[in-house]
Amino acid sequence: MAIDLKPSEISSILKKQLSDFKQQVDTAEVGVVLSVGDGIAHVYGLAGVMAGELVTFPGDIAGMVLNLEDDNVGIAIFGEDFHVKEGDEVKRTGRIASISVGDAVRGRIVDALGNAIDGGSPISTSESRKIEVKAPGIIDRADVREPLQTGIKMIDALTPIGRGQRELIIGDRKTGKTTIAIDTIINQRGENVMCFYVAIGQKRSTVVQVYETLKKFGAMEYTTIVAATASDPAPMQYLAPYSGCTMAEYYRETGKHALIIYDDLTKQAQAYRQLSLLLRRPPGREAFPGDIFYLHSRLLERAAKMSPENGGGSLTALPIVETQANDVSAYIPTNVISITDGQIFLEADTFTSGQRPAINPGISVSRVGGDAQVKAMKQTAGSLRLELAQYRELAGFAQFASDLDAATKRQLERGHRLMQIMKQGVHETLPVAKQIAIMYAGTNGYLDDLPIDRVRDFEQKLYEALDVEPQEYIKLVNAKKTMTDEVKAALDRVLEQLTGKKHNKQ
């Protein structure tokens, strides 16, 4: 049956269809993969791409532009590179590498790109920030004046850390570097400090152990773990510290306080060396590229105490560097030592001898933390530092001398006891008031008559006595923050009660 259509009807139908037609054009600058291997792709055709820009490969694999050359672009691939093949299309995103920030990451384990890897729900935040940003300027900063207590006697007394400081933890493997970092995080409970632990090139089982430890002590409530493990590609290990720093900076910029641990920067430097060599950058000393110092300086300079006009927030960094055979003069250790505001040096020999934490008080130093120390601690630790220095000098001399005078023997005996009270168990952090009490007891002769093997027992009894009501000494020292005559008298009463006699304080 023929349909009888008039020309006017046909034209009206065509006009309607044309009016409803909307043309959508998706434009993107596209390049072609020339070669790929070992996590690096060389791409031709991305003429307008920016350094640090994110690009996408087929299969939603991301990459970041690192090298801009005349005829190609060097791109680090975030993922398995065997999915990327020669001839694949690469698209620009127009976005510089950025990461989600905010309270949504609290208590989570994330990768270097901010994706949750703890089996929980995906992280959704309204705010994201660039991974690489410029460090705060000189005028925007304030002096480091506020203490960041680690709960570890040897550190809080001799190498104190202030909020906004960068204090390096350095030593051979298996000397307790990570333990010090974990204890510092645990000690921030109730201090209103957000903590970030960046695991670089570690085993996944080690990251799980850290997570379980922090969870056991209730520290995961205010901690985020950024993990780029040994099984992750080198670009992820290179990027992880910057990602963690960006997340921590969110709190510094909003007037709050944050602490970040980089465990460890030796492995980040090795990952960056791998990337640089694959990108055909010229090698320098130990095959590291020429900008290896800048790799760490632009990261650690982002730790700062901001001025009151800029919110007064702080970001404290505790980078960890692993040495070989206690060689602090190697390339990466000397680089990081020159950037940071001091270092805590751990020795394998001290560790195996049973003196733990195995900190060498001679090489360890804090360049700004003394200004941030509680005055009561500063007063007590001053004499402690002097006594330990004298003990170290005499101990070396005493090995070769058989006949020692009474004063030297007395100094050595006190030194032995002071080294005993500097010992501390794993995850047994102490409040400042108790640290001051045991150091005061040691430097004022209360322990001189005690057998060395009973010093640790006495220390425990002292803490128990201080916990008993009415806690007069603890209340006084927490209120006054200085060793006034009243505070000393309250502590002397407790110590005299425990020892059973008055002591002539020297």
Please work out whether the ring planes of Phe196 and Tyr251 are parallel, tilted or perpendicular, with thresholds of 30° and 60°.
tilted

Leu318 and its side-chain contact (heavy atoms from CB on, under 4.5 Å) partner, picked from Ile344, Leu259, Ile260, Asp263:
Leu259

Less than 3.5 Å apart, any donor N or O on the side chain of Arg141 or Asn310 sitting next to an acceptor on the other?
no

Is a side-chain donor or acceptor of Glu249 paired with a backbone partner of Glu253 at a separation under 3.5 angstrom?
no

Please report the closest heavy-atom contact between Arg302 and Ile131, naming both atoms and the distance.
NH1-O, 3.0 Å

Decide side chain to side chain donor-acceptor pair (under 3.5 Å) for Ser231 and Arg204; before the verdict, give the C-alpha distance in whole Å, the side-chain angles of both, and the deciding distance to 0.1 Å.
CA-CA 8 Å; Ser231 59; Arg204 293 192 172 212; 3.0 Å; yes

For the backbone of Gly370 and the side chain of Lys378, can you confirm whether one donor and one acceptor N or O come within less than 3.5 Å of each other?
yes

Only one of Thr150, Thr175, Val426, Ile155 clears side-chain contact (heavy atoms from CB on, under 4.5 Å) with Ile180; which?
Ile155

Taking all heavy atoms of Ala269 and all of Leu295, pick out the closest pair and write down the distance.
CA-CD2, 4.0 Å

Just one of Arg108, Arg189, Lys215, Arg106 clears the salt bridge (Lys or Arg N to Asp or Glu O under 4.0 Å) bar with Glu221, so which one?
Arg189

Could you go through Val207 and Ile225, starting from their C-alpha distance and side-chain angles, then the distance that decides it, and tell me whether this counts as side chain to side chain contact (heavy atoms under 4.5 Å, CB included)?
CA-CA 8 Å; Val207 178; Ile225 297 175; 4.0 Å; yes

Any donor-acceptor pair under 3.5 Å linking the side chain of Lys153 with the backbone of Ile421?
yes

If we ignore hydrogens and angles and just use 3.5 Å, is the side chain of Asp341 paired with the main-chain N or O of Gln165 as donor and acceptor?
no

Show the nearest heavy-atom pair for residues Leu158 and Pro361, with the distance to one decimal.
CD1-CB, 3.9 Å

One pair to check against side chain to side chain donor-acceptor pair (under 3.5 Å): Asp291 and Tyr272. What are the steps and the verdict?
CA-CA 10 Å; Asp291 64 340; Tyr272 187 61; 2.6 Å; yes

For this output row, return yes or no: ring centroids of His427 and Phe217 closer than 6.0 angstrom.
yes

More than 12 heavy atoms of other residues, nucleotides or ligands under 6.0 Å from CG of Asp60: is that the case?
no

Please check if the side chain of Glu459 supplies one atom and the backbone of Ile438 the other of a donor-acceptor pair under 3.5 Å.
no

Are Arg273 and Tyr238 close enough, and set up right, to give a side chain to side chain donor-acceptor pair (under 3.5 Å), and what steps lead you there?
CA-CA 9 Å; Arg273 174 172 63 184; Tyr238 152 69; over 6 Å; no

Stepwise, does the salt bridge (charged side-chain N to carboxylate O under 4.0 Å, His left out) test hold for Arg367 with Glu167?
CA-CA 9 Å; Arg367 297 191 184 102; Glu167 183 81 2; over 6 Å; no

With heavy-atom distances below 4.5 Å as the criterion, would you say the side chains of Asp467 and Lys434 are in contact?
yes

Any chance you could measure Arg95, atom CZ, to Lys130, atom NZ, to the nearest 0.5 Å?
12.0 Å

Consider only side-chain N and O atoms of Gln188 and His257, and report whether a donor and an acceptor are under 3.5 Å apart.
no

Taking every heavy atom of Thr340 against every heavy atom of Pro319, the minimum-distance pair comes out as CG2-CG, 3.9 Å

Is there side-chain contact between Ile40 and Leu279, with heavy atoms separated by less than 4.5 Å?
yes

Worked verdict on Ser35 versus His42 for side chain to side chain donor-acceptor pair (under 3.5 Å):
CA-CA 5 Å; Ser35 64; His42 291 276; 4.8 Å; no

Taking atom CD of Glu89 as the centre, report whether more than 12 heavy atoms of other residues, nucleotides or ligands fall under 6.0 Å from it.
no

Any cation-pi pair here, Arg129 with Tyr250, using under 6.0 Å and within 45°?
no

Rounded to the nearest 0.5 angstrom, the CD1-OH distance for Ile185 and Tyr222 is 8.0 Å

Identify the heavy atoms of Asn187 and Gln149 that sit nearest to each other, and give their distance.
ND2-O, 2.9 Å

Checking the side chain of Thr213 only, and the main-chain atoms of Gln209 only, is there a donor and an acceptor separated by less than 3.5 Å?
yes

Audit row: Ile320, Leu265, side chain to side chain contact (heavy atoms under 4.5 Å, CB included) steps and yes/no
CA-CA 6 Å; Ile320 295 175; Leu265 292 187; over 6 Å; no

Could you check if a side-chain atom of Arg281 sits within less than 4.5 angstrom of a side-chain atom of Asn67, using non-hydrogen atoms only?
yes

Are there more than 12 heavy atoms of other residues, nucleotides or ligands under 6.0 Å from atom CZ of Arg456?
yes

Does the Asp172 side chain pair with the main chain of Asn326, one donor and one acceptor, at a distance under 3.5 Å?
yes

Short side-chain to backbone donor-acceptor contact, Gln268 and Ile200, under 3.5 Å:
no

Main-chain N/O of Gln355 paired with Thr350 side-chain donor or acceptor, under 3.5 Å
no

Is there side-chain contact between Ile186 and Asp183, with heavy atoms separated by less than 4.5 Å?
yes

Let's go through Lys91 and Glu29 carefully: what are the C-alpha distance in whole Å and the side-chain angles of both, what is the deciding distance for side chain to side chain contact (heavy atoms under 4.5 Å, CB included) to 0.1 Å, and is it a yes or a no?
CA-CA 6 Å; Lys91 289 183 180 179; Glu29 191 175 333; over 6 Å; no

In the structure I gave you, are the side-chain heavy atoms of Asp88 and Val32 within less than 4.5 Å of one another anywhere?
no

Without swapping roles, check the side chain of Thr224 against the backbone of Val105 for a donor-acceptor pair under 3.5 Å.
yes

Decide whether Ser307 and Glu309 meet the rule of one side-chain donor and one side-chain acceptor closer than 3.5 Å.
yes

Minimal non-hydrogen separation, Ile152 against Pro357, with atom names
CG2-CG, 3.8 Å

Short side-chain donor-acceptor distance under 3.5 Å, Asp118 and Tyr211:
no

Side chain to side chain contact (heavy atoms under 4.5 Å, CB included) assessment of Thr56 paired with Thr93
CA-CA 7 Å; Thr56 55; Thr93 62; 3.8 Å; yes

Contact check, side chains of Ile75 and Met64, non-hydrogen atoms, under 4.5 Å
no

Is there a side-chain contact between Arg163 and Pro147, using heavy atoms and a 4.5 Å cut-off?
no

Arg145 atom CZ, neighbour heavy-atom count above 12 within 6.0 Å
yes

Atom NZ in Lys256, atom CG in Leu315: separation rounded to 0.5 Å?
14.5 Å

Side chain proximity check, His416 to Met419, heavy atoms < 4.5 angstrom
no

For Tyr463, look at atom OH and say whether over 12 heavy atoms of other residues, nucleotides or ligands are found less than 6.0 Å away.
yes

CD1 of Ile359 to OG of Ser364: how many Å apart, nearest 0.5 Å?
6.0 Å

